> 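Sharing a structure below in C-alpha cells format, with a few things to ask.
These figures come from a predicted structure and were not determined experimentally. Numbering of ligands and ligand atoms starts at 1, following listing order. Numbering of residues begins at 1 and proceeds along the displayed sequence.
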Amino acid sequence: MPESPLPVAAGAATRWTNWAGNQTATGAVTRATETDEVVAAVRAARAAGRRLKVTGSGHSFTAIAQPDGDRLELAVPGGGIRVDRDQRLVTVPAALTLRELNGLLAAHGLALPNLGDIDAQTVAGALATGTHGTGAAYGCLSTFVEALTLVTGTGETLHCSATGQPEVFHAARVGLGALGVVVEVTLRCVDAFFLRAHERPAALADVLAGLPELVGGNDHAEFYWFPYTDRVQVKTNNRVPADDRPLPRLRGWLDDEFLSNTVFAGACRLGRRIPGLVPTISAVSARALTARTYTGRSDRVFCTPRRVRFVEMEYGLPRAALPEALAALRRIVDDLPLRVLFPVEVRFTAADDIWLSHGHGRESAYLAVHQYVGTPYEPYFRAFERAAADLGGRPHWGKLNYRDAASLRPAYPRFDDFLAVRDRLDPDRVFGNAYLERVLGP
Ligand SMILES: Cc1cc2nc3c(=O)[nH]c(=O)nc-3n(C[C@H](O)[C@H](O)[C@H](O)COP(=O)(O)OP(=O)(O)OC[C@H]3O[C@@H](n4cnc5c(N)ncnc54)[C@H](O)[C@@H]3O)c2cc1C
C-alpha cells in the first residue's frame, strides 16, 4: 500500500440522483478501483478540507448518500474475489452489487442466508444502512459480515472483525457511510438452497391473531396490508430440498412484471390523477390477489424487480408493538388529507449486536409505508413516524425519516460508542453530509 497519495483524476462536475429521484447533487466524481486509489482520494479531500461521499447504487431514499462536496465511485477490481468453500466464507469488493454477488455465490454452490426485496444495491451500500429481509431467525444483511476492510477519514486502511478492532467491527457493519470507505467485505454464506414461496390473501385480524405461528413457523414470513381495507397478502418462503415447482415463465411474467409493475403503475397513475378513487383501487387490488405457490433459487425468490418508483419510510419496532403500531397506522391513514395507494409492508428480523442496527438487542417487526412518486407523502410519513417513535421505533437509515441525533440517542444503547468510533476514524468529517449531521450530530 503506497504511503503517499497517488494522483487520481477527479472528473468534471456530474449530476447524481438516487433511484427515487428525490435526492440530487452536482459535483466532481472520482472513480477508484484499487484501495490505494481510495486512500489517495480520501487524503486529497482531507488535505483540501473538502468532503468526499462514496455512493453505491443510489437506492437510499434519504440523503444519506447525497454528496456535500465531491463524490467517490468505486469500481470492482478484477480478481478481487476469494472463496473459502469449506468455511463458506466469501471475500468480495464492496462495490459488487447484490445481484452480482448472488450469481457468484450460486456458481460456487453458496448463497446469502437471507435477502431483501431487491438485489440492485451494492454490498457496501446495503450493509451501511442495515438493509434487511424478513425471517424470525435472521438479522439484517450486516449480521452475515465476518470482516471488513475500510479506508478511514485519515486515509488509513483498517481491517476489522469480531477479534481484530472489535469496536470498529461493531460500528462499521452498519456504518451509515460515516466511518470510512469500505473496500472489501468477507461474508459468511450458507450452502445454496431452494425456497418454496407461498402467497395468499387473508384478513388482517386473522393474521394478527396467528402472528407467532406465522413468524415462528416459517423461515421467512411477511405480509402487505392494503389501506382502507381489512385485507392483507401473506407471503412465506421456506427452504425445500428441490426446485420442483418452478413458476411457469408466463405466470412469472404475468404476476411479477405485468401485474406487480405494469398494471400497478397504471393504477398508481390513475390514483395520482384522481385521489378519490384510491380506496376503491386499494380494495380492488386486495381482492384481485390470488394464492400461488412456486419454488426457485433462493435469491430469485427473495428478490423481485421494482419498476414502479416510490418513496418510502420504514420503522423497526419491538416485535410486541406491531398490533398497536398497525392500529395507529390505520387511524392515521383514515384521517389523512391525502390518499394512500401503496400497500404497507410488514416484516420481521432477529435481534443482533450491531451498534446502529435497527435490530440491535431486540426482535423486530418492520412497518414500511410508501407513496407513489409525485404524490404528497409528508403528512402521512410524519404522522406515522410520530406513532412509531412513541413505540420505540428506529428508522431505517436508508429510508425517509425526520429524526435528529437527540431523538435517536435514546433509541440506540450504543449510540455514543458509535460516535466515539466516528470521532476516531473520521475526525475531520471527510465523509460528512447534511443527513449525517442531522442523525448523528456534527
Ligand atoms: C426499490 C427499493 C427496494 C428496497 N428494498 C429494501 C429491502 O427489502 N430491505 C431494506 O432494508 N432496504 C431496502 N431498500 C433500501 C436499500 O437497501 C438501502 O437504501 C441501501 O443502502 C441502498 O444501497 P446502495 O448501494 O444503493 O447505497 P446508496 O444508497 O448509494 O448509499 C447508502 C449508504 O451507503 C454508503 N456507501 C456506499 N458505498 C459505500 C462504501 N463502499 N463504503 C462505505 N459506505 C458506502 C453511502 O455513502 C451511503 O451512506 C430498498 C430500496 C429501494 C429503492
Side-chain angles (χ1 to χ4, degrees), residues 16-23 25 32 35 38 41-42 51-68 71-76 92-101 114-134 139-142 148-153 172-185 220 222 261 302-316 342 345 347 349 356-359 364 366 368 370 373 395-400 425-426 430-433 435-436 439-440:
W16 169 88
T17 178
N18 67 340
W19 177 86
N22 63 326
Q23 310 291 349
T35 302
V38 176
V42 171
R51 284 177 159 182
L52 183 69
K53 182 54 63 185
V54 56
T55 50
S57 67
H59 276 62
S60 296
F61 300 92
T62 54
I64 191 166
Q66 188 176 48
D68 200 0
R71 187 163 78 81
L72 179 65
E73 223 177 60
L74 296 188
V76 175
V92 295
L96 209 65
T97 64
L98 291 178
R99 188 176 307 139
E100 291 164 336
L101 173 67
N114 200 7
L115 284 162
D117 291 341
I118 58 160
D119 56 10
Q121 309 94 320
T122 59
V123 171
L127 300 177
T129 60
T131 295
H132 64 94
T134 189
C140 63
L141 270 53
S142 301
L148 284 173
T149 304
L150 72 165
V151 175
T152 70
R173 278 178 292 165
V174 178
L176 281 69
L179 306 178
V181 179
V182 177
V183 289
E184 194 174 78
V185 181
H220 310 274
E222 66 183 308
N261 283 302
F302 283 132
C303 305
T304 49
R306 296 291 158 105
R307 300 196 211 290
V308 180
R309 304 277 162 147
F310 54 85
V311 290
E312 179 176 346
M313 167 181 279
E314 185 175 40
Y315 260 82
F342 260 73
E345 187 176 17
R347 296 185 278 185
T349 59
L356 289 195
S357 164
H358 321 117
S364 301
Y366 278 86
H370 315 72
V373 284
H396 189 302
W397 299 114
K399 303 190 183 180
L400 293 176
L425 267 48
D426 187 19
V430 174
F431 307 121
N433 65 8
Y435 178 82
L436 292 183
V439 298
L440 296 178

> Could you name the protein residues that come within less than 4.0 Å of ligand 1, counting only heavy atoms, and order them by chain and residue number?
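Under the 4.0 Å cut-off, ligand 1 touches Trp19, Lys53, Val54, Thr55, Gly56, Ser57, Gly58, His59, Ser60, Phe61, Ile64, Ala65, Leu74, Gly116, Asp117, Ile118, Gln121, Thr122, Ala124, Gly125, Ala126, Ala128, Thr129, Thr131, His132, Leu176, Gly177, Gly180, Val181, Val182, Arg306, Phe310, Arg347, His396, Gly398, Lys399.
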
> Which distance, rounded to the nearest 0.5 Å, do you find between the CG of Leu436 and the CG of Asp68?
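Rounded to the nearest 0.5 Å, the CG-CG separation comes to 9.5 Å.
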
> Do Phe302 and Asn114 have side chains that approach each other closer than 4.5 Å (heavy atoms only, starting at C-beta)?
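SC-SC contact between Phe302 and Asn114 confirmed.
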
> Where is the tightest heavy-atom contact between Pro395 and His358, given as atom of each residue plus distance?
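Minimum heavy-atom separation between Pro395 and His358: O-CD2, 3.2 Å.
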
> Closest approach of Gly153 and Val42, non-hydrogen atoms and distance?
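Smallest heavy-atom distance, with atoms named: O-CG1, 3.8 Å.
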
> Under the salt bridge (charged side-chain N to carboxylate O under 4.0 Å, His left out) test, which residues partner Arg347, sequence neighbours left out?
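Asp117, Glu314, Glu345.
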
> If we ignore hydrogens and angles and just use 3.5 Å, is the side chain of Gln23 paired with the main-chain N or O of Phe61 as donor and acceptor?
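Present.
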
